[in-house]
Student: 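Shown below is the structure under consideration.
By convention in this document, chain letters (A, B, ...) are assigned in the order of the sequence lines, proteins followed by strands, and residues within each chain are numbered from 1.
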Amino acid sequence: MEIARRNLVRWFSGRRLVRAEADDTRIFRGAELRHFTELSGRLESLVRRGKYLLFAFEGGRGLLGHLGMTGKFVRRTEGQGEPYSRARFHLDDGHVLHFSDARMFGRLEPAPAAQLRELDVVKALGRDPLADGLTAGQLEKAVAPSRQPLKVALMDQARITGLGNIHAAEALFRAGIHPSREPASLSPDEWKRLVGAIRATIDFGLKEQEGEEPVYLEEGRSENPFLVYGRAGGPCSRCGTPVESFTQAGRTTHFCPKCQPRSGVHASKPRAGKR
DNA sequence: ACCGCTGTTCTCCG
DNA sequence: TCGGAGAACAGCGG
C-alpha cells in the first residue's frame, strides 16, 4: 500500500486529473458513481493509514481507497487496456491510472476529503508502525491485552495497523517468536525483538518493491522473496529445518519450528478464573 | 476438470 | 463482547 501511495504521488505530481470514469461495481460501496466522476484537478494530498489510502483532490473532494486482495493501481497510456480495470483517472499528460481489481474486495469510496479521517473504518485503526513510529512499549500496550494468538493479534488493524498475513508471519519469523504465543506472555526482550522485526519486515518490503510497478506475488518473479511465507515443506532460510504451516483465524500461517520455538504457547483456550 | 488455495475485510451467529 | 465461520469474487496451479 505504501508503494501504491508513492507511485500515485509520483504519477499525479504536477498533473491534473481531467476525467474520472468507472464501471459501477461494489468497489464504490454503494456510493453514487457521480461522486467519483465529479473528481477533477490536482491531487492535493495522499495519506496512507494502515492499508487505507486517503485521497484529497482540489476542490475538497476525496476518496477512501483500499486494495483488498487483488487491487492495484497501474499507469497506462490513453487507449491502452488493462484487465479488471474498475476505475480510471485520466491525466493531462496522456496517462491513465487504472484501479484494477479482479476480485473486487478493494474499495474506492468517494467522500469529502475533510471527512475521510472521521470514517469509522479509519477511526478504528491502531497505530501505524511506518507512519507513526512504534516503540516496544507501544506495541506491548496495543497487543498484549489480546486473547488471540499473537499472529492474529498482530493482524488486528485496531491494535496496530498495516500488517497483513504475509508481513505478520515474516515479522514473527525475524523475531524468532512462535505465531501461537499468548501475547500477554511475551518478555520485554521479545517485545523489543518483535518491534524491530516489524520494522525490518516493512523496510524489506519497501526496498523490495522500490521503483517497481505493482506486482502480484506470482507475477514477474521467478522466486518467493519471503523468508518463511509460502515456504511450507521447504527448508527454513535460516536453519534449514522444514517450514511448517497451519491455519489461524482462517488464514494460513507459516513458521519455522526450530527458529520459532513453541514455549509459552496458548495451552488451548485459556479459561477465565483458572488458578 | 475439479478442488483448494489466495497480499482482506465484513457480517452473522453462538 | 469476543471469536470462529462463511461470504463477497475470480483466477491459478496441482
Side-chain angles (χ1 to χ4, degrees), chain A residues 1-5 7 23-30 48-53 64-74 82-87 99-109 119-126 129-130 143 145-173 180 182-184 198 201-202 204-206 208-209 212-234 245-254 266 268-273:
Chain A
M1 207 63 191
E2 176 60 18
I3 293 295
R5 189 192 70 80
N7 283 337
D23 310 310
D24 196 357
T25 66
R26 41 179 291 111
I27 67 166
F28 293 105
R29 288 299 195 278
R48 182 191 56 79
R49 300 294 308 162
K51 304 176 193 175
Y52 289 88
L53 287 180
L64 180 67
H66 194 291
L67 298 180
M69 298 269 276
T70 51
K72 56 181 174 177
F73 288 98
V74 296
E82 172 63 25
Y84 309 109
S85 173
R86 309 300 184 187
F99 180 73
S100 153
D101 186 1
R103 294 177 73 180
M104 293 193 285
F105 294 170
R107 172 196 294 238
L108 215 51
E109 187 182 347
L119 296 176
D120 286 347
V121 289
V122 177
K123 271 199 302 190
L125 300 176
L130 183 58
V143 175
S146 173
R147 272 345 118 201
Q148 305 262 92
L150 181 57
K151 171 172 167 274
V152 178
L154 289 176
M155 291 171 61
D156 181 347
Q157 303 298 302
R159 298 188 181 278
I160 61 169
T161 187
L163 296 186
N165 196 42
I166 293 180
H167 281 176
E170 293 288 288
L172 288 167
F173 174 77
S180 296
E182 189 175 0
I198 289 170
T201 298
I202 293 170
F204 177 81
L206 289 175
E208 235 260 326
Q209 297 217 25
E212 290 185 25
E213 298 272 314
V215 289
Y216 286 119
L217 196 57
E218 48 280 318
E219 274 179 17
R221 287 192 192 289
S222 44
E223 174 157 350
N224 175 354
F226 303 112
L227 297 173
V228 72
Y229 178 84
R231 297 190 179 277
S245 71
F246 66 110
T247 298
Q248 288 182 300
R251 313 294 301 278
T252 300
T253 296
H254 297 84
H266 272 288
S268 58
K269 276 204 165 165
R271 313 251 329 149

Student: Under the side chain to side chain donor-acceptor pair (under 3.5 Å) test, which residues partner A/S85, sequence neighbours left out?
Tutor: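 Here the qualifying residues are A/R88, A/H98.
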Student: Looking at A/K51, I'd like to know whether one of its side-chain N or O atoms comes within less than 4.0 Å of OP1 or OP2 on B/dG7.
Tutor: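 Answer is no, no contact under 4.0 Å.
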Student: Of all residues at least two apart in sequence or in a different chain, which pass the side chain to side chain donor-acceptor pair (under 3.5 Å) check with A/T161?
Tutor: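 Partners of A/T161 by the side chain to side chain donor-acceptor pair (under 3.5 Å) criterion, ordered by chain and then number, come out as A/Q157.
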Student: A/R48: what forms a side chain to side chain donor-acceptor pair (under 3.5 Å) with it, not counting sequence neighbours?
Tutor: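 Side chain to side chain donor-acceptor pair (under 3.5 Å) check on A/R48 returns A/E2, A/D128.
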Student: Does C/dG3 have OP1 or OP2 sitting under 4.0 Å from an N or O in the side chain of A/Q148?
Tutor: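 A/Q148 to C/dG3 OP1/OP2: side-chain N or O found under 4.0 Å.
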Student: Do any N or O atoms from the side chain of A/S180 and from the backbone of A/P149 form a donor-acceptor pair under 3.5 angstrom?
Tutor: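 No; zero donor-acceptor contacts below 3.5 Å.
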Student: Is A/T70 near enough to B/dT8 that one of its side-chain N or O atoms lies under 4.0 angstrom from OP1 or OP2?
Tutor: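 No.
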Student: C/dC9 C1' sits how many Å from A/D101 CG, rounded?
Tutor: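 About 9 Å, once rounded to whole Å.
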Student: Just how far, in rounded Å, is P of C/dA8 from CZ of A/R86?
Tutor: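 Atom CZ in A/R86 sits about 16 Å away from atom P in C/dA8.
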Student: Holding to side chain to side chain donor-acceptor pair (under 3.5 Å), I want the full list of residues that pass it with A/R86, two or more places apart in sequence or in another chain.
Tutor: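 Checked A/R86 against side chain to side chain donor-acceptor pair (under 3.5 Å); zero matches.
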Student: Can you identify which nucleotide, out of B/dT8, C/dG3, C/dC9, has its nearest atom closest to the A/M104 side chain?
Tutor: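 The answer is C/dC9, which lies nearest to the side chain.
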Student: C/dC9 and B/dT11: how far apart are their P atoms, nearest whole angstrom?
Tutor: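 Those two atoms are separated by 15 Å.
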Student: Could you measure between the two P atoms, the one in B/dT9 and the one in C/dG11, and give it in whole Å?
Tutor: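 It comes out at 22 Å once rounded to the nearest Å.
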Student: Using atom CZ of A/R159 as one end and atom P of C/dT1 as the other, report the distance to the nearest whole Å.
Tutor: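 Taking CZ of A/R159 and P of C/dT1, I get 15 Å after rounding.
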Student: How many Å lie between CG on A/L154 and P on B/dT8, as a whole number?
Tutor: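 Taking atom P of B/dT8 as the reference, CG of A/L154 is at 13 Å.
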Student: Is a side-chain donor or acceptor of A/S245 paired with a backbone partner of A/T252 at a separation under 3.5 angstrom?
Tutor: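 Checking the backbone N and O of A/T252 against the side chain of A/S245, no donor-acceptor pair under 3.5 Å is found.
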Student: Keeping the roles fixed (side chain from A/N7, backbone from A/V74), state whether a donor-acceptor pair exists under 3.5 Å.
Tutor: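 No; zero donor-acceptor contacts below 3.5 Å.
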Student: Choosing from B/dT9, B/dT6, B/dG7, which nucleotide comes nearest the side chain of A/H66?
Tutor: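 The listed nucleotide nearest to A/H66's side chain is B/dT9.
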Student: Restricting both atoms to N or O, compile the protein contacts to nucleotides 10-14 of chain B shorter than 3.5 Å, with distance only.
Tutor:
from   : atom 1 : to     : atom 2 : distance (Å)
B/dC10 : OP1    : A/R107 : NH2    : 2.7

Student: Nearest whole angstrom, please: distance from the C1' of B/dC5 to the CD of A/Q248.
Tutor: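 Checked: the CD to C1' distance equals 17 Å.
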Student: Distance check needed: C/dG3 P versus A/L150 CG, whole Å only.
Tutor: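 Computing the A/L150:CG to C/dG3:P distance gives 14 Å.
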Student: Using only modelled atom types and a 3.5 angstrom limit, is any donor from either the side chain of A/R103 or the base of B/dT8 paired with an acceptor on the other?
Tutor: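 Not at all, since no donor on one side and acceptor on the other fall under 3.5 Å apart.
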Student: Check whether any side-chain N or O of A/R231 sits under 3.5 Å from a backbone N or O of A/F226 as a donor-acceptor pair, and report yes or no.
Tutor: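 Here the side-chain-to-backbone pair exists.
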Student: Can you check whether A/R251 has a side-chain N or O nearer than 4.0 Å to OP1 or OP2 of B/dG7?
Tutor: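 Yes, such a contact exists.
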Student: Side chain of A/F105 only, heavy atoms from C-beta on: which candidate in C/dA8, B/dT6, C/dG4 is closest?
Tutor: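 Per side-chain heavy atoms of A/F105, the pick is C/dA8.
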Student: Expressed in angstrom and rounded to an integer, what is the separation of A/D156 atom CG from B/dT8 atom P?
Tutor: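 Result: 13 Å.
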Student: Once ring pair (Phe, Tyr, Trp, His ring centres under 6.0 Å) is applied, do any residues pair with A/F204, and if so which ones, sequence neighbours excluded?
Tutor: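 Applying ring pair (Phe, Tyr, Trp, His ring centres under 6.0 Å) to A/F204 gives none.
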Student: What does A/H167 touch in the nucleic acid at a heavy-atom separation under 4.0 angstrom: a base, only the sugar-phosphate, or nothing?
Tutor: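 If one applies the 4.0 Å heavy-atom cut-off, A/H167 turns out to touch nothing in the nucleic acid.
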Student: Identify, with sequence neighbours excluded, every residue that meets ring pair (Phe, Tyr, Trp, His ring centres under 6.0 Å) alongside A/Y52.
Tutor: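 Ring pair (Phe, Tyr, Trp, His ring centres under 6.0 Å) check on A/Y52 returns A/H66.
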Student: Show me, range against range, the stems involving DNA chain B, built from at least 3 consecutive Watson-Crick or G-U pairs below 3.5 Å.
Tutor: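 As far as DNA chain B goes, consecutive pairing (with distances under 3.5 Å) yields the stems B:2-6 with C:10-14, B:8-14 with C:2-8.
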Student: What's the gap between C/dG6 and B/dG4 when it is taken at their C1' atoms, as a whole Å value?
Tutor: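 It comes out at 16 Å once rounded to the nearest Å.
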Student: Report the residues that fulfil ring pair (Phe, Tyr, Trp, His ring centres under 6.0 Å) with A/F105, sequence neighbours left out, ordered by chain and then residue number.
Tutor: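 Ring pair (Phe, Tyr, Trp, His ring centres under 6.0 Å) list for A/F105, sorted by chain: empty.
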Student: Can you find a side chain N or O atom of A/Y84 that sits less than 4.0 Å from OP1 or OP2 on C/dC9?
Tutor: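 Result: no.
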Student: Could you state the CD1-P distance from A/I27 to C/dA10, rounded to the nearest angstrom?
Tutor: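 Going from A/I27 (CD1) to C/dA10 (P), I get 13 Å.
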